[in-house]
There are 2 protein chains.
Amino acid sequence: MNFIFLDRPSPLSLTCIMGNRGKHKTACPPKISEKKEQLKAFLRRKGFKSTRQRDIIVTEFLKTGEHITAEDLYRKINRKNREIGFTTVYRTLKLLTKSGFATERLFADNLTRYEPLSAEDHHDHLICLSCGSIMEFENLKMERLQEKIAGEFGFCIITHKMEFYGYCSECRDKCPRHDD
Amino acid sequence: MNFIFLDRPSPLSLTCIMGNRGKHKTACPPKISEKKEQLKAFLRRKGFKSTRQRDIIVTEFLKTGEHITAEDLYRKINRKNREIGFTTVYRTLKLLTKSGFATERLFADNLTRYEPLSAEDHHDHLICLSCGSIMEFENLKMERLQEKIAGEFGFCIITHKMEFYGYCSECRDKCPRHDD
DNA sequence: AGGAAAATGAAATTCATTTTCAATTAGAAT
DNA sequence: ATTCTAATTGAAAATGAATTTCATTTTCCT
């Protein structure tokens, strides 16, 4: 087994991630076609080929937006395109990841999820243990504090992961707190 | 290439936890026998049984301290006790987890690691992508900030996960930063 | 001791992820 | 346009960690 890690994402232009109950995150319309152009350029540069399958997969991935598993994306695509196989979806997500257009995230449910990546995107996650919704947040103070802590250890951060598991405002009543 | 492939450190080096420069964490001698007493009491209360295997596994686990995979703990134990099977080690770690004596953690290498849990333990991790060492830190400011952010979302935190991936002070020179 | 319930451990199973391999396709070179 | 080569595809197989099964053994209550 190998441990794959991305270098800093290549400096691509913005993206945007859908809102999360409209509280902290600004929703801006994703420029899918622009991203696809960039990807195409990247592929050319690297000697990879543009294929119909990749185009469909990438489009669907960017449209979907976030936190999707290879399996789920495959199912989604497979409804319209019966001939595209899981392996290709999987490999495309890996390719996007390697080329800096997406990130892989492993949440506590042990499923790898992918999401489109943009350069400034440094958000963290709130994951509801009841309804499973994943909300995002970004907090500058947090980022600074992280840098500061890392600095105290002489540690050079490449990436980080921060997740809160608990109950969202809509599921608060289901929060057990004391069970056995 | 703008990404890095790291070989996963051998199981042994992975479990080696470096000190944390004495800045954030207080090292206190674990009261193994005391913990074992508590566990025994717990088992009795729940109608579970105390067995030789559990005793050995728990002792070894507590002695080891932290961040160990079921596989690694099994190998460690198996050296001296050829008759204890992997399954039992695995199940014991699960039991410890369910009963609150341990926690499971899933880091980005997709291996479940276990560590003894004590009530006050709320630490986070710095994981070196080069040598695989896992350092711990605790930061009160961070905890407060986390609560604050969660509060803003009306989110009730049950647990959280915070990990920095990067290069420790001893591996800084191996940090690629700019390669292609 | 006797007996019921729990524990054990080897082997089998599960399931997401990753790789293999033969067939197909993209795109550069001719 | 045709040819050629390397990349891509997708079904199937492999991998590997986590989990379950099941026959046997052990604990511990009476």
Side-chain angles (χ1 to χ4, degrees), chain A residues 1-4 39-58 67-75 77-78 81-99 102-114, chain B residues 1 3 5 7-8 10-11 14-15 39-58 60 67-75 77-78 81-99 102-114:
Chain A
M1 243 298 195
N2 277 344
F3 210 2
I4 304 172
L39 178 63
K40 210 168 244 172
F42 172 84
L43 293 179
R44 277 187 140 275
R45 209 170 341 115
K46 294 285 183 177
F48 295 127
K49 291 169 181 172
S50 302
T51 65
R52 200 181 65 82
Q53 289 94 326
R54 276 185 183 159
D55 192 71
I56 290 168
I57 294 165
V58 169
H67 306 126
I68 197 163
T69 62
E71 184 61 33
D72 283 350
L73 184 58
Y74 164 68
R75 271 204 277 271
I77 288 167
N78 190 252
N81 304 79
R82 312 312 298 260
E83 79 289 1
I84 295 182
F86 169 79
T87 312
T88 306
V89 174
Y90 166 77
R91 274 190 287 226
T92 303
L93 288 172
K94 281 294 193 194
L95 178 65
L96 290 171
T97 301
K98 283 191 220 160
S99 38
T103 38
E104 279 181 355
R105 281 180 196 275
L106 188 59
F107 291 116
D109 64 358
N110 213 341
L111 286 179
T112 304
R113 286 159 212 279
Y114 296 84
Chain B
M1 279 290 192
F3 56 98
F5 289 86
D7 277 325
R8 209 174 73 220
S10 66
L14 253 182
T15 58
L39 178 63
K40 210 167 244 174
F42 173 85
L43 294 178
R44 280 188 138 271
R45 211 174 335 116
K46 293 284 184 180
F48 295 126
K49 291 169 181 172
S50 303
T51 65
R52 199 180 65 83
Q53 288 95 326
R54 276 187 183 157
D55 191 71
I56 290 168
I57 295 166
V58 169
E60 202 59 43
H67 306 125
I68 197 164
T69 62
E71 185 61 33
D72 285 349
L73 185 57
Y74 164 68
R75 272 204 275 269
I77 287 166
N78 190 253
N81 304 81
R82 311 313 297 258
E83 78 288 1
I84 294 181
F86 169 79
T87 313
T88 305
V89 173
Y90 167 76
R91 275 191 288 227
T92 301
L93 287 172
K94 281 294 193 192
L95 178 66
L96 289 171
T97 301
K98 281 195 220 150
S99 37
T103 38
E104 279 180 355
R105 281 183 196 272
L106 188 59
F107 292 116
D109 64 357
N110 212 342
L111 285 179
T112 304
R113 285 161 213 278
Y114 296 84

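Below, chains carry the letters A, B, ... as their sequence lines are ordered, and counting in each starts from 1. No experiment lies behind these values; they were computed from the predicted model shown.
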query = Hey, what's the ring geometry for A:Y74 with A:F86, parallel, tilted or perpendicular (30° and 60° as the breaks)?
reply = perpendicular
NZ/NE/NH1/NH2 to OD/OE distance under 4.0 Å, A:D72 and A:R75 = yes
Between [X] ([atom1]) and [N] ([atom2]), how many Å, whole number?
X: B:L96; N: C:dA7; atom1: CG; atom2: P; answer: 13 Å
X: A:R52; N: D:dG10; atom1: CZ; atom2: P; answer: 8 Å
X: A:R44; N: D:dA6; atom1: CZ; atom2: P; answer: 19 Å
X: B:I68; N: D:dA18; atom1: CD1; atom2: P; answer: 13 Å
X: B:L93; N: C:dT8; atom1: CG; atom2: P; answer: 12 Å
X: A:Y74; N: D:dA12; atom1: OH; atom2: P; answer: 11 Å
X: B:F86; N: C:dA12; atom1: CZ; atom2: P; answer: 16 Å
X: A:K40; N: C:dA26; atom1: NZ; atom2: P; answer: 12 Å

task = Provide the closest heavy-atom pair for B:S99 versus B:L39 in the form atom of the first, atom of the second, distance.
result = OG-CD1, 4.5 Å
task = Might you point out which heavy atoms bring B:I84 and B:N78 nearest each other, and give the distance in Å?
result = O-ND2, 3.7 Å
ask   = Heavy atoms under 4.0 Å, any strand shown: does A:E71 hit a base, just sugar-phosphate, or nothing?
value = nothing
Check every atom of [options] against the side chain of [X] and return the nucleotide holding the closest atom.
X: A:L111; options: C:dA16, D:dA6, D:dG10; answer: C:dA16
X: B:K49; options: C:dT19, C:dA4, C:dG27; answer: C:dA4
X: B:R54; options: D:dT8, C:dT8, C:dT17; answer: C:dT8
X: B:Q53; options: D:dA6, C:dG9, C:dA7; answer: C:dG9
X: A:K94; options: C:dT18, D:dA6, C:dG9; answer: C:dT18
X: B:F48; options: C:dA7, D:dT19, C:dA10; answer: C:dA7
X: B:Y90; options: D:dT20, C:dA4, D:dA17; answer: D:dT20

request  = Respond yes when some side-chain nitrogen or oxygen of B:T51 is under 4.0 Å from OP1 or OP2 of D:dT27, and no when none is.
outcome  = no
inquiry  = Check this one for me: any side-chain N or O of A:T112 less than 4.0 Å away from OP1 or OP2 of C:dT17?
reply    = yes
inquiry  = Checking side-chain contact (heavy atoms from CB on, under 4.5 Å) between B:E60 and each of B:N81, B:T92, B:L73, which is the one that passes?
reply    = B:L73
ask   = What about B:R91: does its side chain form a donor-acceptor pair under 3.5 Å with the base of D:dT21?
value = yes
remark   = Assert: residue with more 5' nearest nucleotide on DNA chain D, out of A:G47 and B:Y114, is A:G47
